[in-house]
Colleague: 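Here it is, the structure, as structure tokens.
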Amino acid sequence: VQENALVLLLRVLSDQTDSNTACYHTLAALAQELEVALAAVTQPSVPPSPTQLATVDAFLARIVPAYEAQMYRRVARVVGAREQPYKFLYAFELEDANIFFGREEATKTLQRTVLKDRLAILHAKSGAGKTSLLNAGLSPRLIREGRLPVYARAYQDPVQAIKRAIASPAAELWPQVLSQLSLHAFLTRACGHLSRQTQELVIILDQFEEFFIFWPEREHRQRFIYALTECYEDKTLPLRFVIGIRSDYSRTWRPSKSAS
């Protein structure tokens, strides 16, 4: 009861806040996060009803095209040179592709590796620039080919992180059943709403060492590995996975495909 009251309080506060402010989006996202967490703990594993799935499909029919349009707009803005080309210790973002110099060969090598298989591993030592290479090097090239990157990190539940990367709760509150869908079921439905411009999704799980740091229990890890395997083995799904991880953790993962 206390937890449900907290969800209600967060929703009331967000309703009383200007929807154009960051505060509104933060409160709405907090309410969604808490509701998702409670649903995962308190609700039995019951298959979604046809009505619930229809609600999810209607939601994704709005969210997926909006995500597509946002990503294509972002890469379209990568033109010209900036007055300030230095990022210091910050990682390069997709919009920084025009000032991401000196990594052309590494980017081409990574792109070829990604397109060879449905799963690729990028591993290098800490601070080598893996995140920048994925964001400012690989991602713009993928988008221009009609391959839509979905960037997520695994310090939280990786399955929910992938869902949130496509369907941000801050943009529109989730249908309750969405948090209960398997990764395979979610991506199957999401891919069904891609436009003809997009060939496939490329799920990028960056800084994947966090998966081992924040999810030390083998049981929790196995759930995601099973979810990843189910998606990987379904060749009808138009998607690929790219995992970025520190070299000292890549032995724990033991990848069969790699790029560095």
Side-chain angles (χ1 to χ4, degrees), residues 14 18-29 32 56-87 90-101 103-104 106-108 110-111 114-115 120 122 129-153 160-175 178 186-207 237-242 244:
S14 65
D18 186 346
S19 61
N20 293 320
T21 64
C23 181
Y24 167 83
H25 292 295
T26 300
L27 289 170
Q32 179 70 58
V56 169
D57 283 330
F59 170 78
L60 292 175
R62 297 189 300 274
I63 291 296
V64 172
Y67 178 77
E68 270 189 299
Q70 176 193 29
M71 296 302 289
Y72 286 120
R73 282 196 303 269
R74 288 181 66 188
V75 78
R77 290 197 295 264
V78 182
V79 292
R82 295 188 180 182
E83 293 182 3
Q84 174 55 275
Y86 305 109
K87 296 286 290 186
Y90 295 103
F92 285 77
E93 302 292 341
L94 191 154
E95 291 83 358
D96 297 317
N98 61 338
I99 59 170
F100 188 59
F101 303 119
R103 304 295 298 276
E104 290 82 3
T107 299
K108 290 177 182 177
L110 177 58
Q111 183 181 20
V114 168
L115 297 182
L122 171 67
K130 297 181 296 298
T131 296
S132 295
L133 186 62
L134 291 168
N135 283 335
L138 178 66
S139 290
R141 287 173 173 264
L142 292 176
I143 294 173
R144 292 187 182 105
E145 293 181 347
R147 308 177 196 276
L148 208 63
V150 177
Y151 182 91
R153 287 174 59 179
Q160 301 303 326
I162 292 170
K163 293 178 183 178
R164 282 192 294 269
I166 296 174
S168 170
E172 183 176 342
L173 297 180
W174 285 4
L178 188 64
F186 171 79
L187 290 175
T188 297
R189 288 185 137 73
C191 288
H193 295 287
L194 293 173
S195 70
R196 293 183 179 180
Q197 184 178 3
T198 302
Q199 297 184 49
E200 61 185 10
L201 296 178
V202 181
I203 312 296
I204 298 175
L205 293 167
D206 192 20
Q207 301 190 35
L237 274 181
L239 59 81
R240 300 174 189 274
F241 289 90
V242 181

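All values reported here derive from a predicted model rather than from experimental measurement.
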Colleague: Working to the nearest 0.5 Å, report the span between OH of Tyr67 and CG of Leu201.
Modeller: 8.0 Å
Colleague: Please lay out, stage by stage, how Asn135 and Phe100 fare under the test side-chain contact (heavy atoms from CB on, under 4.5 Å).
Modeller: CA-CA 10 Å; Asn135 283 335; Phe100 188 59; over 6 Å; no
Colleague: Please report the interatomic distance CD1(Ile162) to CG(Leu239), rounded to the nearest 0.5 Å.
Modeller: 9.5 Å
Colleague: Which atom pair, heavy atoms only, marks the closest approach of His193 to Glu68?
Modeller: O-OE1, 4.1 Å
Colleague: Please name the pair of heavy atoms, one in Tyr151 and one in Thr131, separated by the smallest distance, quoted to 0.1 Å.
Modeller: OH-CG2, 3.7 Å
Colleague: Name the residue from Val202, Leu110, Ile143 that meets the side-chain contact (heavy atoms from CB on, under 4.5 Å) definition with Leu138.
Modeller: Leu110
Colleague: Do you know which two heavy atoms are closest between Val114 and Arg240, and how far apart they sit?
Modeller: O-NH1, 3.4 Å
Colleague: Using every non-hydrogen atom in the two residues, find where Glu93 and Ala136 come nearest and quote the distance to one decimal.
Modeller: O-CB, 3.3 Å
Colleague: Compare every heavy atom of Phe59 with every heavy atom of Leu173, then report the nearest pair and how far apart it is.
Modeller: O-CE1, 3.7 Å
Colleague: For Arg189 and Phe186, what are the C-alpha separation, side-chain angles and deciding distance, and is it a side-chain contact (heavy atoms from CB on, under 4.5 Å)?
Modeller: CA-CA 5 Å; Arg189 288 185 137 73; Phe186 171 79; over 6 Å; no
Colleague: Under 4.5 Å between any side-chain heavy atoms of Pro238 and Gln199, yes or no?
Modeller: no
Colleague: Stepwise, does the side-chain contact (heavy atoms from CB on, under 4.5 Å) test hold for Leu187 with Ile166?
Modeller: CA-CA 10 Å; Leu187 290 175; Ile166 296 174; 4.3 Å; yes
Colleague: Got a salt bridge between Asp206 and Lys130, using NZ or NE/NH1/NH2 to carboxylate O under 4.0 Å?
Modeller: no
Colleague: Flag the pair Leu115 / Glu145 as yes when at least one side-chain heavy-atom distance between them is below 4.5 Å, and no otherwise.
Modeller: yes
Colleague: Give the C-alpha distance, both sets of side-chain angles, the deciding distance and a yes or no for side-chain contact (heavy atoms from CB on, under 4.5 Å) between Ile63 and Trp174.
Modeller: CA-CA 10 Å; Ile63 291 296; Trp174 285 4; over 6 Å; no
Colleague: How many angstroms lie between atom CD of Glu200 and atom CG of Leu148, to the nearest 0.5 angstrom?
Modeller: 10.0 Å
Colleague: Distance check, rounded to the nearest 0.5 Å: Ser139 atom OG versus Arg141 atom CZ?
Modeller: 11.5 Å
Colleague: What's the shortest heavy-atom distance between Ala161 and Arg153, and which atoms?
Modeller: CB-O, 3.3 Å
